[in-house]
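First comes the structure, then the notes that go with it.
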Amino acid sequence: AEHGPAVPPEPPLCDVPVSSTPLFEATTAQPIRWSVPPPSRPGGVISAANRASHLCTHRLRIEVMSASLLRVADWMVGGGTSDPYCVVKHRQGNEAKDSFQTKVVPDTLNPVWHHIGYVSNFDMGRDTLEFWVYDEDFGKAADLLGFALLPGHAIPRVGLEGSLELVNAGVDNASVKVKITFVEEDQAAIDGLMAKAEQKWRSTRLATQDMADAFGTLEKQSHMMRFRSALTSLDSGQMEKVGTSRANGGLDRCVTAPSASRLLVWNCVLVVAILYDAFTIPLALAFDVAMDSSLFVLSTMAALLWTFDFFVTMFTALPTHGIYEMRFKVIVAKYMKSWMLPDIFMIVTDWFFVVSWLSAEGQDSSTHGSSIFRASKTVRAVRAIRLLRLAKVSALSKLVDQLTHSEVSVMIFEMAKQLVIVLIFTHMVGCGWFALGQYTGEEGPSWVASAFPMEHDRSYQYFTSFHWALTQYVPASMEVTPTNLSERAFAVAIDMVGLIAFSTLISSITTRMTQIRSLNQAKAQQDYDLKSFFVQNAVSLELRFAVLSFVGTHKDSKTRMNYDSIEVVRNLSSQLKARLMKEVFFPSLSENPLVACLIKLDTAFAEDILDEALADFVLHRGEMLFSTGDKAVGMHVTVSEPWVSKVPCLLYQRCEIEVAVFGGHWISEAAILIEDWRHRGDCEAARRTELISITSQGFKNVLGKHIARGSPTVAFLSFYATHFLETFGTLEPRFMCSDIWCDRDSAKRIVREALEDVRQAGSPQFDT
């Protein structure tokens, strides 16, 4: 099954006169009509100037991409299809050479293969490529669906991509689409590029030294101090973050910038504590709930939580105009102007009730375990001050909104927040309604006395009150009614508030649902337009399903958004933008030892790379990153994803060797060190893969800028490139995959050797 079905003997070649059609371009839209054996005298087809290049042998990379409009070979009721595959043969006269075969694509007349094979020792003047398309049949020989012959002298030196018309196809316009490129088998081109790169880096180092000598003494001292400080930070592992305002005081060292994940978890805990107070305090005030051991434990935990939050607030940096304020005195001063005094009063109140319950532990059973609120109404009302913490919920919800990146999730969060607010409001109104009924019942008739003529437990009384509160702003009925003036006035006031609150809630929910539908409407319209296009152009069902499946896969997968497309990011200050780019891209780029060293040694150089030489994109499974012979555009680093760390991101193939590239690795480092580097193999995505690239042109621009400044970082890069070229030359050609030239340990060794060379060269900037 791996090698495919047996290939039946092909029919004799057609004896058709040689076409006098001139050589075609590398890419053509019409099928190429080469379907005959190669002519005996190639001199009539190729010029004398090109004859020498065609007489040598070459290695060809052949990609059999697809076929179209094949005939039906498997008949069945209601129609028929074929199970096509393609066999590629290298023939020299009547002698068969290399051959390979594509996979079988079942039940289609327009198969897509994208199969890559290689042909060695191909003589451009004498050899021929044959493309035989068959239909696989079980139990009998395969049926021929057509063949195409391509003489070697008809292949341009720049390669070929186009369709070959099939002969003996049984139908008109049947063709097979191929892409042919040349693979260099010698090292002449590589050696030339490496010699040119070595000369360029040597002259770069000399030019940088001349620029450094042209600077004054103060400039040299500035370079020395900057690099000495950077290397000291590198050795100690402490790199100061850009964009923080930090003083040198003792308490300032304890102030830390808030981490997004830790801050979110901590604020979620605070929200739970606030909701606990919003539920228990009105319930205890209205229903005179006794504080038992379980409630005492919860109240003690809440008091400890808010006490700890008091100190956390003083030692958490505050965002101010895009930077974090790290000075302790400034943070405390701003805290005093906002929540410090209310927090102190509420914390003292929490501990007062905890201590009061403990002090009642030694009293008789009639008071032991009872609520402290029974002492007096004034003391009971003091506990309600803790409800002021509900004002902090808006700030906490704003933080969650800032940490949420999806429009739908933001809308769902807003709807959930409004629902929680309604429940809390209903709970408080129900508790207030019951408390009012108990208070008026001491002096006259009340709804509590009329609704509960018999003894009921607290749970029934609470849900009856909650039910009455809910009916005040929803279309529902309730048997409980006011029985005195105070209750009637309270009911009217709640009805007015409920009318406004309920209409606002319904309007807000409707708006959110409309926004969610509008977000999906644009995507749905694109699907409708695509399906209409299929119908209008009579696209086959097979191709329809393939396209819709591809669109659905790409639509459902989350892709990395390019930061250049976000307008607010482009409008950020240079300092904030540099910090943002560092935090987003530096962790992935640091997987490459060279880039990691540049980040540690020269922040300015690394920031210029972020600003001028960075690109990020996403590849989906089967998409090509590059092909053999393509000009390299930069070095690519795969973004590591821990949950799929054992699944390869990219598959790199050169000749018969295939290498898997996992997350956190890089490929094509030669692109930024060797000018005009061309890829030596094919690389495609094995799964959805995020890549961050340092472009060759951008890196060249940054390097030129720092050469003009006389930056000593250029000397380090020059020595690194020298060691890179030496190692690269020894690996090639024995190491077949030159776009993946070494492992991480070898790259680290070269970085250390380059640093040592710079120090031995007498550059004081690297003396540590």
Side-chain angles (χ1 to χ4, degrees), residues 230-231 233-244 256-265 317 322-324 402-403 405 558-566 569 572 574-619 625 634-650 661-669 671-672 685 687-695 698-699 702 713 720 740 742-745 747-748 751:
L231 283 172
S233 301
L234 176 61
D235 294 337
S236 62
Q238 298 176 352
M239 297 295 293
E240 183 68 25
K241 293 183 178 180
V242 180
T244 58
T256 57
S259 170
S261 57
R262 290 183 297 174
L263 188 64
L264 180 60
V265 172
I323 65 174
Y324 284 125
Q402 292 176 346
L403 297 177
H405 66 280
K558 299 179 181 179
T559 59
R560 177 181 292 267
M561 181 181 293
N562 194 300
Y563 66 93
D564 285 336
S565 64
I566 309 175
V569 174
L572 289 177
S574 57
Q575 186 184 36
L576 269 181
K577 187 176 181 180
R579 291 179 57 201
L580 180 62
M581 296 301 101
K582 284 181 181 180
E583 190 164 331
V584 172
F585 295 107
F586 272 4
S588 296
L589 290 175
S590 298
E591 298 290 348
N592 180 270
L594 172 61
V595 180
C597 187
L598 291 176
I599 293 173
K600 295 293 185 180
L601 291 181
D602 194 346
T603 304
F605 195 98
E607 290 178 354
D608 287 341
I609 289 179
L610 288 178
D611 190 44
E612 301 183 28
L614 202 67
D616 65 319
F617 55 95
V618 173
L619 290 179
L625 178 60
M635 179 182 71
H636 311 289
V637 180
T638 57
V639 178
S640 178
E641 297 177 353
W643 52 89
V644 287
S645 59
K646 296 184 179 180
V647 180
C649 299
L650 304 172
V661 181
F662 293 85
H665 291 73
W666 67 96
I667 189 170
S668 187
E669 185 177 351
I672 62 175
R687 60 175 174 85
R688 180 190 176 277
T689 302
E690 301 180 17
L691 297 107
I692 302 175
S693 300
I694 298 178
T695 62
F699 187 84
V702 173
T713 305
Y720 177 87
I740 308 175
C742 75
D743 55 11
R744 185 176 282 106
D745 293 336
K748 289 181 178 179
V751 168

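As the structure is a prediction and not an experimental result, all values here were calculated from the model.
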Residues two or more places apart in sequence or in another chain: which of them pass side-chain hydrogen bond (donor to acceptor under 3.5 Å, both in side chains) with D608?
-> H706
Gap separating the NE2 atom of H636 from the OG1 atom of T695, nearest 0.5 angstrom | 10.0 Å
Work out which heavy atom in A613 is nearest to a heavy atom in G698; give both atom names and the distance.
-> CB-C, 3.4 Å
Please step through side-chain contact (heavy atoms from CB on, under 4.5 Å) for the pair F586 and I692, ending with a clear verdict.
-> CA-CA 10 Å; F586 272 4; I692 302 175; over 6 Å; no
Spatial distance of atom CD (E669) from atom CD1 (I667) [nearest 0.5 Å] = 11.5 Å
Closest approach of E591 to W666 (non-hydrogen atoms, all atoms of both residues) | O-CZ3, 3.5 Å
What are the two closest heavy atoms between S588 and V637, and how far apart are they?
-> O-CG1, 3.3 Å
Could you tell me which residues satisfy ring pair (Phe, Tyr, Trp, His ring centres under 6.0 Å) with F699, sequence neighbours excluded, listed by chain and number?
-> none
Residue pair F662 / T638: nearest heavy atoms and the distance that separates them | O-OG1, 2.9 Å
Full working for side-chain contact (heavy atoms from CB on, under 4.5 Å) between M635 and S693 | CA-CA 5 Å; M635 179 182 71; S693 300; over 6 Å; no
For L691 and T689, the nearest pair of non-hydrogen atoms, with its separation, is CD1-O, 3.8 Å
Give the minimum heavy-atom separation between S590 and A596, together with the two atoms involved.
-> O-CB, 3.5 Å
Knowing that exactly one of L619, D616, V639 qualifies, which makes a side-chain contact (heavy atoms from CB on, under 4.5 Å) with E690?
-> V639
Between the CG atom in L650 and the CD1 atom in I740, the distance rounded to the nearest 0.5 Å is 8.0 Å
Verdict with supporting geometry, L601 and T713, side-chain contact (heavy atoms from CB on, under 4.5 Å) = CA-CA 8 Å; L601 291 181; T713 305; 5.6 Å; no
With V595, which of I609, L589, I672 fulfils side-chain contact (heavy atoms from CB on, under 4.5 Å)?
-> L589
Among V751, N592, D602, find the residue that satisfies the side-chain contact (heavy atoms from CB on, under 4.5 Å) test when tested with C597.
-> V751
